[in-house]
Every structure is written in structure tokens, then in C-alpha cells.
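What follows is a set of notes on a single structure, which appears directly below.
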Amino acid sequence: MPRYTWIVFCLALSLAPAAAVANQPHPPVDPDLRALLMHTVSQADSFADAFDAEVWLLDMSTRLRRYLPDEAERLRFLQLVHREARQAGLEPDLVLAVIHVESLFDRYALSRVGAQGVMQVMPFWKNELGRPDDNLIDLATNLRYGCTILKYYLDLEKGDLRRALARYNGSLGSHRYPDKVQEYWYRYWYVKD
């Protein structure tokens, strides 16, 4: 089988489960979260000064090199993560840990249940916001959705990061996902202030 045909075949196989899941009803969406996402999605910088930007970008770029080898792509990615995390009121290094666990920095990641992009956002959110044309593979869009959702859950849980992470992952009651994100945060991404 020619390589191109093989790639198309593999892509079709990987998308089949997601298409089946996409037609299933999703859980009810909290109206406050919907409103917050609508507000945030329609906005967008984040560093206090050039020195802070340079230090953070250099530090994180060095850490991220093994996952995103292209420097221009890596710096653009980090700028977007920082901007969207700060916009939502989150620590950028925490967001990097979530991305590390969710997608291993693969902007084209697609889960078996249909979650898309670096932060593995479920596509039903686009319809909830009346924005069916949003592209969740677009880094800025995916980060804006993901950061807003995580911040909402963090506020809902009154700052309890473990419970917020479990909600984000859809695994409230389980400690596995929050433990993994926190382990990656402290091992790979944590920045002391």
C-alpha cells in the first residue's frame, strides 16, 4: 500500500471512534461556565516586562525542546500558553503540565472520546458557545477554551486544584489524573516565584 494511502487509512481509522462519540449527548453544561467561555473566547499581553518574558521563555523553551524541536514553533507555543494562562488567571507552568499529560504537546491530538488539541477540549463546547466554526486544533483557540474551563473548575472548587483537575478530566472522585498532572508540574514545569 503506498505511504499516502496508508496515512489516509490510519487517519480514517483513528477518526471513526470520535465520530461515533460526537453524536452522543453530552452532559449538561453549567450556564455560568458557558457565559465565561463566551466572554473569554471573544478576547485576548501577559508579561510584565521584556526581561521577565526573556527569562521565562528561555527557561521553558529549554525544558520543552525535546517535545517541540523547532525553536520558532516552540517559542510561539510558549507565548500563547503564557498569554492564555494569564488571561484566565492560571499559572502558565501548571498549564504546561496539563498539556504534557493531556496531549504530550501534540496540537493534533485526538482522544478516543473525541477531545481535541493540546488541552484535549471536547468539541461540544463549540456548539454550547454558538461558535461551531471554531477550530480546536488551532493552538490559540484550544488554549483559550482549555484554560478558561480549568480556571472555572478551580474557582468552582474554591482553589482545590486536585478537584479542579479531576473535573477538567471528567474523573471527579479519582486521584489518578490530578496526581499525574501535579507530578509533571513539579517534576518538569514548576517555576518558583
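Just so it is clear, the model here is predicted, and its values are computed rather than measured. Computed from heavy atoms alone, side chains included, the values below leave out hydrogens, waters and symmetry copies.
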As an exercise, state the distance from [atom1] of [X] to [atom2] of [Y], rounded to the nearest 0.5 Å.
X      : Y      : atom1 : atom2 : value
Met119 : Leu136 : CE    : CG    : 12.0 Å
Arg107 : Phe77  : CZ    : CZ    : 9.5 Å
Thr141 : Glu84  : OG1   : CD    : 8.5 Å
Asp134 : Arg131 : CG    : CZ    : 4.0 Å
Leu165 : Ser171 : CG    : OG    : 9.0 Å
Arg162 : Gln182 : CZ    : CD    : 5.5 Å

[X]: side chain to side chain contact (heavy atoms under 4.5 Å, CB included) partners, not counting sequence neighbours:
X      : value
Ser61  : Arg74, Leu75, Leu78
Glu183 : Arg187
Asp93  : Glu91, Trp185, Trp189, Tyr190, Val191
Arg76  : Gln79, Leu80

(request) Output all residues satisfying ring pair (Phe, Tyr, Trp, His ring centres under 6.0 Å) with Tyr184, sequence neighbours left out; order by chain, then residue number. (result) His100, Tyr188
Mind listing the closest non-hydrogen atom pair of [X] and [Y] along with its distance?
X      : Y      : answer
Ala109 : Ser103 : CB-CB, 3.7 Å
Val121 : Tyr168 : CG2-OH, 4.5 Å
Glu73  : Leu68  : OE2-CD2, 3.7 Å
Pro178 : His175 : CD-O, 3.4 Å
Pro92  : His82  : CG-CD2, 3.5 Å

Would a 4.5 Å heavy-atom cut-off, applied to side chains only, mark [X] and [Y] as touching?
X      : Y      : answer
Cys147 : Gln87  : no
Leu161 : Leu94  : yes
Val98  : Tyr177 : yes
Gln120 : Leu110 : no
Val81  : Met60  : no
Ile99  : Leu143 : yes
Leu90  : Leu150 : yes

(request) Show which residues join Leu58 in its hydrophobic cluster (side-chain heavy-atom contacts under 4.5 Å, direct or indirect), or state none. (result)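 Result for Leu58 is none, singleton.
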Are [X] and [Y] linked, directly or through other ILVMFWY residues, by side chains that come within less than 4.5 angstrom of each other?
X      : Y      : value
Leu96  : Leu104 : yes
Leu139 : Trp56  : yes
Ile137 : Val95  : no
Leu172 : Ile149 : no

(request) Would you check, one step at a time, whether the test salt bridge (charged side-chain N to carboxylate O under 4.0 Å, His left out) holds for Asp133 with Lys126? (result) CA-CA 8 Å; Asp133 296 331; Lys126 298 187 308 181; over 6 Å; no
(request) Answer with yes or no whether the side chains of Tyr145 and Gln116 bring together a donor and an acceptor at under 3.5 Å. (result) no
